[in-house]
Amino acid sequence: MRFFLLTLAIVALTPITLQALTFVDATDEAGIRFRHSSGTRSSLLPEDMGSGAAFADIDNDGDLDLYIVNIPGPLMEDTHVGSGSNALYRNDGDGTFTDITDIAGVGHQGYGMGCVFADYDDDGNLDLYVTNYGANVLYHNNGNGTFSDVTKTTGVSCELWSTGAAFADVDADNDLDLYVCNYVTYDLEKLEQMQEESLQSGKPVPSALNPHVFEPQDNVFYRNNGDGTFSDVTAEVDIAAPGGRSMQCIFCDFDNDNDLDLYVANDTSVNYVYRNDGNGAFSDVSNESWAADFRGSMGLAAGDYDADGDIDIFMSHWVDEENTLYRNLLKEDPSSGHIRFVDESYSAMLAEASIKQIGWGTSLFDYDNDGDLDIFVTNGSTFQELNQPERLITQADALYRNDGDGSFTEVSKSTGITELPTRVGRGATFGDYDNDGDVDIFIVNNHAPPTLLRNDGGNRNGWLHVQLIGTDGNRNAIGAKIQLKTADRTQIREVYAGESYMSSNSFITQFGVGNATQVETLQVIWSNGDTQSLHNVPTNQRLRVTQKLTE
């Protein structure tokens, strides 16, 4: 016999006001003193690509801490030792953060790209995987505010040029496997001989900055052995995404058969879609999915933007290759067994608005708590200024409000985003760091200080934040679904570990509910297929649902 234990954690209510919804730069106020890169840019590709960040509760105290990935300095100079490390900031619970990098032991000084948190060994503490230009690092959370480097013993170093990564239980054995995206073979010795320029979007750029010049690297899939180690089973599972120049991946149940499929976003090469066959194997369905996007894909997000019960995809793209919104067609043909999408970028009014931007970190999230998913994209050029080649061209970030009819309206100006200084955005992570009921954004800016965008006013509408606690080996319930029903709408979310651009978001699932004062039904579908339904749940709280299985 199986039953479930429900525990509730109530967060203090935030009064609903008539204030305008704006995003405020709270970086200095929050005490974040980070700067991306300690040196001057020298026009080499790894310097321009990074980096990512992640919100996660690393000490189980109920608020979101922050990890930021860094590059130490100019790639061709060996002068960066001792500076420019990655950083971990502890949330102090009062809107400020404290730098605990040295105490925690996670100040890696490699050429950092991305990061993702997950409890890979199911001990109740979030562990940290960092991707690099060079060997990657896995940090084990010791549960006392410190981490240990367990890369060698776990077997997940992947000494290539890694970018985004994602954890998920893809084989239903109750532990978390790891997929690592890799980019190109960037040989420094050959670079010294490269003097010529090549064309990108009709513009001359140094060949050292053109990914087309370099051979792509295959991705790597590590199976969790359940004993604290991983095995490279990429060839066995056949999900290497060959020729991909991969940037980010995400595990989602696109066909709603209760196993996790895989989407891989690639730069300057065709994207991959892999269907999970439910037996530990995958099938390449890229072409038949109609979503084998051929443009330069950077950031990747998933969510049900049209509220039809299936998971859609949004991708940020390179210049002249407009951002793309793929609508999942599962509802139209639920019994087909296909994973199939249609490009709705132009009908959604998202394409033309982004065609001159280069987009990176992104998310489908409900910034105004009105019950549908909006889109944020941080932008930043890969072209350098003509008179100052050590500087990349800055671009304004963009926020698009979901109008509820399949289209979006850009609201960057009215929400204060365009009033902020323009920078060269890269990674972005999303979560409610100040526990006030709306979603905040942290952006890593290339060769510049970061930006913490505090959401002021999103909580004027009602909200429900749901934290799932799994007890079957998947502590953060990665891959679980949550369906929420109010009087006027139904919403669905999935729990991911690895998304945006070389980043990962909070594991606390955030719902906006408009003017609803209660949720009629909240259904959790755990990753093992078990379900639990709750009824008449009050809004404006954080709800903690703990899975407890007893035979």
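What you see is a predicted model; the values in this text were computed from it and never measured.
Across G105 and Y139, no two heavy atoms sit closer than the pair O-CE2, 3.4 Å. When every heavy atom of I311 is checked against every heavy atom of G303, the shortest pair comes out as CG2-N, 3.7 Å. Minimum interatomic distance between C249 and A166 (heavy atoms only, all atoms of both residues): SG-CB, 3.7 Å. Residue N402 comes nearest to D370 through the heavy atom pair O-OD2, 4.2 Å, listed as atom of the first residue, atom of the second, then distance. Closest approach of M315 and A265 over heavy atoms only: SD-CB, 4.2 Å. Across every non-hydrogen atom of G458 and N369, the tightest pair is O-ND2, 2.9 Å.
Proximity of a side-chain donor or acceptor of N141 to a complementary backbone N or O of N125 within less than 3.5 Å is not detected. Using modelled atom types, one side-chain atom of N70 and one backbone atom of S37 make a donor-acceptor pair closer than 3.5 Å. Between the side chain of S503 and the backbone N or O of A53, at least one donor-acceptor pair lies under 3.5 Å. Judged by distance alone, with hydrogens and angles left aside, the side-chain atoms of S316 form a donor-acceptor pair with the main-chain N or O of G299 at under 3.5 Å. Side-chain atoms of N379 do not come within 3.5 Å of backbone N or O of S381 as any donor-acceptor pair. Between the side chain of Y133 and the backbone N or O of I71 there is no donor-acceptor pair closer than 3.5 Å.
Residues S297 and Y263 fail the side-chain proximity criterion, which asks for heavy atoms closer than 4.5 Å. L300 has its side chain within reach of I313: a pair of non-hydrogen atoms, C-beta onward, lies under 4.5 Å apart. Using a 4.5 Å heavy-atom threshold, the side chains of D366 and V439 count as separate. Using a 4.5 Å heavy-atom cutoff, the side chains of K481 and D253 are in contact. Side-chain contact between L178 and Y129 is present, with heavy atoms from C-beta onward closer than 4.5 Å. Side-chain atoms of V150 and K152, non-hydrogen and from C-beta on, never get closer than 4.5 Å to each other. Annotation: side chain of E47 is not in contact with side chain of N446 (no heavy-atom distance under 4.5 Å). Residues I492 and I482 are not in side-chain contact: their nearest non-hydrogen atoms beyond the backbone lie 4.5 Å or more apart.
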Please step through side chain to side chain donor-acceptor pair (under 3.5 Å) for the pair S162 and N182, ending with a clear verdict. CA-CA 4 Å; S162 299; N182 295 310; 2.6 Å; yes
For a side chain to side chain donor-acceptor pair (under 3.5 Å) check, start with the C-alpha distance between Y89 and D65, then their side-chain angles and the critical distance, and finish with the verdict.
CA-CA 6 Å; Y89 283 88; D65 310 296; over 6 Å; no
Evaluate F117 against F55 for ring pair (Phe, Tyr, Trp, His ring centres under 6.0 Å), listing each step before the verdict.
CA-CA 9 Å; F117 282 94; F55 277 128; over 10 Å; no
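Look at D440 and R454 and you find no salt bridge, because none of the NZ, NE, NH1 or NH2 atoms lies under 4.0 Å from a carboxylate O. Checked for salt-bridge contact, R41 and D48 meet the test: a charged N lies under 4.0 Å from a carboxylate O.
No hydrogens or angles considered: a donor-acceptor pair under 3.5 Å links the side chains of H140 and D123. T98 and D92 share a side-chain donor-acceptor pair at under 3.5 Å. Side-chain contact check for H36 and S51: at least one donor-acceptor pair (N or O, by modelled atom type) lies under 3.5 Å. There is no side-chain donor-acceptor pair under 3.5 Å between H465 and T509. Donor-acceptor pairing under 3.5 Å is lacking for the side chains of S157 and N136. Inspection of the D368 and N461 side chains reveals no N or O donor paired with an N or O acceptor under 3.5 Å. D397 and T378 form a side-chain donor-acceptor contact under 3.5 Å, judged by distance and modelled atom types alone. For the residue pair S500 and N505, no side-chain donor N or O sits within less than 3.5 Å of a side-chain acceptor on the partner.
A tilted orientation is assigned to the rings of F251 and F221, their planes being inclined by 30° to 60°. Under the 30°/60° scheme for interplanar angles, the aromatic rings of W360 and Y501 are found to stand perpendicular. Taking the six-membered ring where tryptophan is involved, the planes of Y305 and F408 are tilted, since the angle between them lies from 30° to 60°.
Residue-environment remark: CG (D472) exceeds the threshold of 12 foreign heavy atoms within 6.0 Å. Within a 6.0 Å radius of CZ in R391, no more than 12 heavy atoms belonging to other residues, nucleotides or ligands are found. Within 6.0 Å of atom CG in N225, more than 12 heavy atoms from other residues, nucleotides or ligands are found, so the atom counts as buried in its surroundings.
A side chain to side chain donor-acceptor pair (under 3.5 Å) with Y183 is found for exactly one of T131, T163, D267, N219, namely D267.
Residues F507 and Y496 keep their aromatic ring centres 6.0 Å or farther apart. Taking the six-membered ring where the residue is Trp, the centroids of F97 and Y433 are separated by under 6.0 Å. Taking the centre of each ring, W318 and F383 come in below the 6.0 Å mark.
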